[in-house]
Amino acid sequence: MKRTWMIPMLALAFVATACSSEDDLQTGFGEGKVDFSIEVPTQIAQIETRAESGFMLPSELIPAGEDFALAISGSYLDEQNVTQQYQNSWISVAAYNTESPDLQAGTYQATFTYGNSGAEGVGKPYFKGTLADFTVKANKKLSYPVVCALANSCFTLEVTEWMLNYYDELQLTIHTATNSFTYAFDSREATELTFINPAQVLSISGSAVKAQNGVAVEFPKTAIGSAIAAETKYAIKVDHGTAGAGSLTITFDDTFTEVAEVEVELNPDVQ
């Protein structure tokens, strides 16, 4: 009976020792490696004329995963069981992969960015992704997936045929908190995709000449819509009011904004 029970007990003890050793290798003091698999969504939300749909970002604006800048910070226990802090950054994930650094077993956070945060204009998307509380295990190489999405907003601006028929020399300006973008219109073609910071309210202003009588008019700067969201494309459309009305109707998100025209006195000093 003793021989019958001793063999399983010895085997069980061996397994327990092996598991304990493996756990020590994974979670104790020591170095490990980590790599990252980056996904960049190409479709974002689109808001236009009281409707929401999807918008596919142009392929030339989508960065490769290895082009993202990378910053890693975290903490680990040293050989004396004292908590140490870690912080490092790389110009790109490609540079990180080339270096293939060893990290002490511990808990870390990684931030991935592409583009310039706060920059606005054509061809200036800003992408960001964060991987929080990922683990590095001693003598292990782990791989983690990361989603890096568009972190700013973008818009296009277009006018209707009725607008073009009513006005000549039409110019419209979209204002952000720090920039303004002016467009001259002689067709219904939408403007280039312009990237702007989220969480702000846009304004519009402009000028034109009435096609019927040659009178110059201005459209005073007026706030439109509500604060814009990240990872969203806004299709702003400008129409003329009903026949004879001296105003613009701006369609933005789920709101309509009226902007009254103001006639411009070309020679105010002439009596």
S.K.: Examine V217 and F185 and state if one hydrophobic cluster contains both, with Ile, Leu, Val, Met, Phe, Trp and Tyr joined whenever side-chain heavy atoms are less than 4.5 Å apart.
M.R.: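 V217 clusters together with F185.
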S.K.: Could you tell me whether the side chain of D78 and the main chain of N81 form a donor-acceptor pair under 3.5 Å?
M.R.: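 Here the side-chain-to-backbone pair exists.
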S.K.: Residues in side chain to side chain contact (heavy atoms under 4.5 Å, CB included) with T182, at least two apart?
M.R.: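 Side chain to side chain contact (heavy atoms under 4.5 Å, CB included) list for T182, sorted by chain: Q171, T173.
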S.K.: Can S75 and Q85 be counted as having a side-chain donor-acceptor contact under 3.5 angstrom?
M.R.: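 The criterion, which ignores hydrogens and geometry beyond distance, is not satisfied for Q85 and S75.
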S.K.: Say whether, by atom type as modelled, one donor and one acceptor occur between the side chain of Q200 and the main chain of A227 under 3.5 angstrom.
M.R.: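 No, the answer is negative, given that no donor and acceptor are paired below the 3.5 Å cut-off.
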S.K.: Give a yes-or-no answer on whether the side chains of T194 and Y183 include a donor-acceptor pair shorter than 3.5 Å.
M.R.: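 Indeed, the side chains of T194 and Y183 share at least one donor-acceptor pair under 3.5 Å.
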S.K.: For residues 164-179, pull every pair meeting salt bridge (Lys or Arg N to Asp or Glu O under 4.0 Å), keeping only residues two or more places apart or in separate chains.
M.R.: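 Every pair satisfying salt bridge (Lys or Arg N to Asp or Glu O under 4.0 Å) with a residue in residues 164-179: there are none.
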S.K.: Between T107 and D133, is a side chain to side chain donor-acceptor pair (under 3.5 Å) present by the stated rule, with each step listed?
M.R.: CA-CA 6 Å; T107 302; D133 298 331; over 6 Å; no
S.K.: I need the L57 CG to Q46 CD distance, nearest 0.5 Å.
M.R.: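 Between atom CG of L57 and atom CD of Q46 there are 10.5 Å.
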S.K.: Can you name the salt bridge (Lys or Arg N to Asp or Glu O under 4.0 Å) partners of E39, sequence neighbours left out?
M.R.: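 By the salt bridge (Lys or Arg N to Asp or Glu O under 4.0 Å) rule, E39 matches no residue at all.
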S.K.: Indicate yes or no for a side-chain donor-acceptor contact from S153 to the backbone of A229 under 3.5 Å, with no hydrogens or angles considered.
M.R.: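 Here the side-chain-to-backbone pair exists.
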S.K.: Does some side-chain heavy atom of I72 sit less than 4.5 Å from a side-chain heavy atom of Q109?
M.R.: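 No, every pair of side-chain atoms sits at 4.5 Å or beyond.
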S.K.: When you look at N197 and E120, which way does the side-chain contact (heavy atoms from CB on, under 4.5 Å) test go after all the steps?
M.R.: CA-CA 7 Å; N197 296 321; E120 295 184 320; 3.4 Å; yes
S.K.: Are any side-chain N or O atoms of T130 and backbone N or O atoms of A132, one a donor and one an acceptor, separated by less than 3.5 Å?
M.R.: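 Judged by distance alone, no pair lies under 3.5 Å.
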S.K.: Give a yes or no on whether Y108 and Y144 share a hydrophobic cluster (residues Ile, Leu, Val, Met, Phe, Trp, Tyr; joining criterion: side-chain heavy atoms under 4.5 Å apart).
M.R.: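 Yes.
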S.K.: Answer with yes or no whether the hydrophobic clustering places F134 together with L77; edges join I, L, V, M, F, W, Y residues whose side-chain heavy atoms lie under 4.5 Å apart.
M.R.: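 No; L77 is not reachable from F134 via cluster members.
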S.K.: Under the rule for side chain to side chain contact (heavy atoms under 4.5 Å, CB included), what residues qualify as partners of A190, not counting sequence neighbours?
M.R.: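 T156, E158.
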S.K.: Consider only side-chain N and O atoms of H240 and T249, and report whether a donor and an acceptor are under 3.5 Å apart.
M.R.: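 Distance-only check fails for H240 and T249.
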S.K.: What residues, two or more places apart in sequence or in another chain, satisfy side chain to side chain donor-acceptor pair (under 3.5 Å) together with Y76?
M.R.: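 Here no residue qualifies.
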S.K.: Measuring only between side-chain heavy atoms, which start at C-beta, is L248 closer than 4.5 Å to L172?
M.R.: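 Side chain of L248 against side chain of L172, heavy atoms only: contact under 4.5 Å found.
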S.K.: Among all residues two or more places apart in sequence or in another chain, which pass the side chain to side chain donor-acceptor pair (under 3.5 Å) test with N97?
M.R.: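 N97 satisfies side chain to side chain donor-acceptor pair (under 3.5 Å) with no other residue.
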S.K.: With side chains defined as the heavy atoms from C-beta onward, is the minimum distance between F36 and F112 less than 4.5 Å?
M.R.: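 Yes; the side chains approach each other to less than 4.5 Å.
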S.K.: If you compare all heavy atoms of I38 against all heavy atoms of G65, which two are closest, and at what distance to 0.1 Å?
M.R.: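 Nearest heavy atoms, I38 then G65: CD1-O, 3.3 Å.
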S.K.: What pairs with K221 under salt bridge (Lys or Arg N to Asp or Glu O under 4.0 Å), at least two apart in sequence or on another chain?
M.R.: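 Not a single residue meets the salt bridge (Lys or Arg N to Asp or Glu O under 4.0 Å) criterion with K221.
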S.K.: When hydrophobic residues are tied together by side-chain contacts of less than 4.5 Å, even through go-betweens, does L103 share a cluster with L142?
M.R.: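 Yes, one cluster joins them.
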S.K.: What are the two closest non-hydrogen atoms of Q43 and E231, and how far apart are they?
M.R.: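 Shortest heavy-atom contact: O-OE2, 4.4 Å.
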S.K.: Work out which heavy atom in T135 is nearest to a heavy atom in V34; give both atom names and the distance.
M.R.: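 Minimum heavy-atom contact is O-CG2, 4.4 Å.
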S.K.: My understanding is that only residues two or more places apart in sequence, or in another chain, count here; which of them pass side chain to side chain donor-acceptor pair (under 3.5 Å) with T98?
M.R.: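 Per chain and number, T98 pairs via side chain to side chain donor-acceptor pair (under 3.5 Å) with no residue.
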S.K.: Drop me the distance from L70's CG to S92's OG, to the nearest 0.5 angstrom.
M.R.: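 If I round to the nearest 0.5 Å, the distance is 9.0 Å.
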S.K.: Test: salt bridge (Lys or Arg N to Asp or Glu O under 4.0 Å). Region: residues 91-111. Which pairs qualify, not counting sequence neighbours?
M.R.: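 Matches after skipping sequence neighbours: K33-D102.
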S.K.: For side-chain contact (heavy atoms from CB on, under 4.5 Å), just list the numbers for T222 and T257, CA-CA rounded to whole Å, side-chain angles, deciding distance to a tenth of an Å, and then say yes or no.
M.R.: CA-CA 9 Å; T222 304; T257 303; 4.0 Å; yes
S.K.: Which residue, L157, I196, L202, forms the side chain to side chain contact (heavy atoms under 4.5 Å, CB included) with F181?
M.R.: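 Option passing the side chain to side chain contact (heavy atoms under 4.5 Å, CB included) with F181: I196.
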S.K.: Is it true that the NZ or CZ of K124 lies under 6.0 Å from the centre of F195's six-membered ring and within 45 degrees of the ring axis?
M.R.: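 Judged by the rule, K124 and F195 form no cation-pi pair.
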S.K.: For S117, check side chain to side chain contact (heavy atoms under 4.5 Å, CB included) against everything at least two apart and list the hits.
M.R.: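 In terms of side chain to side chain contact (heavy atoms under 4.5 Å, CB included), with neighbours along the sequence ignored, S117 is linked to Y126.
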S.K.: Using every non-hydrogen atom in the two residues, find where M163 and D239 come nearest and quote the distance to one decimal.
M.R.: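 Residues M163 and D239, closest heavy atoms: SD-C, 3.9 Å.
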S.K.: So which atom in A151 and which in P198 form the shortest heavy-atom distance, rounded to 0.1 Å?
M.R.: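 Shortest heavy-atom separation between A151 and P198 comes out as O-CG, 3.6 Å.
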S.K.: Between V209 and V215, is a side-chain contact (heavy atoms from CB on, under 4.5 Å) present by the stated rule, with each step listed?
M.R.: CA-CA 5 Å; V209 174; V215 173; over 6 Å; no
S.K.: Which residue pairs pass the salt bridge (Lys or Arg N to Asp or Glu O under 4.0 Å) test when at least one of the two sits in residues 191-217, sequence neighbours left out?
M.R.: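 Listed by first then second residue: K210-E261, K210-E263.
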S.K.: When hydrophobic residues are tied together by side-chain contacts of less than 4.5 Å, even through go-betweens, does Y96 share a cluster with I91?
M.R.: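 Result: no, two separate clusters.
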S.K.: Start with the C-alpha gap between Q104 and F29, add the side-chain angles, then the distance that decides, and say whether side-chain contact (heavy atoms from CB on, under 4.5 Å) holds.
M.R.: CA-CA 7 Å; Q104 292 292 338; F29 176 80; 3.4 Å; yes
S.K.: Can you tell me how the ring of Y114 sits relative to the ring of F68, calling it parallel under 30°, perpendicular over 60° and tilted otherwise?
M.R.: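 Judged by the thresholds at 30° and 60°, the geometry between Y114 and F68 is tilted.
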S.K.: Could you tell me which non-hydrogen atom of I44 sits nearest to which non-hydrogen atom of C154, and how far apart they are?
M.R.: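 Closest approach of I44 to C154: CD1-SG, 4.0 Å.
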S.K.: Enumerate the ring-ring contact (aromatic ring centres under 6.0 Å, His included) contacts for residues 201-234, please, sequence neighbours excluded, ordered by first and then second residue.
M.R.: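 ring-ring contact (aromatic ring centres under 6.0 Å, His included) check on residues 201-234 returns Y167-F219, Y234-F252.
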S.K.: Going by distance alone, is a donor N or O of one side chain under 3.5 Å from an acceptor N or O of the other, for S247 and E258?
M.R.: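 The criterion, which ignores hydrogens and geometry beyond distance, is satisfied for E258 and S247.
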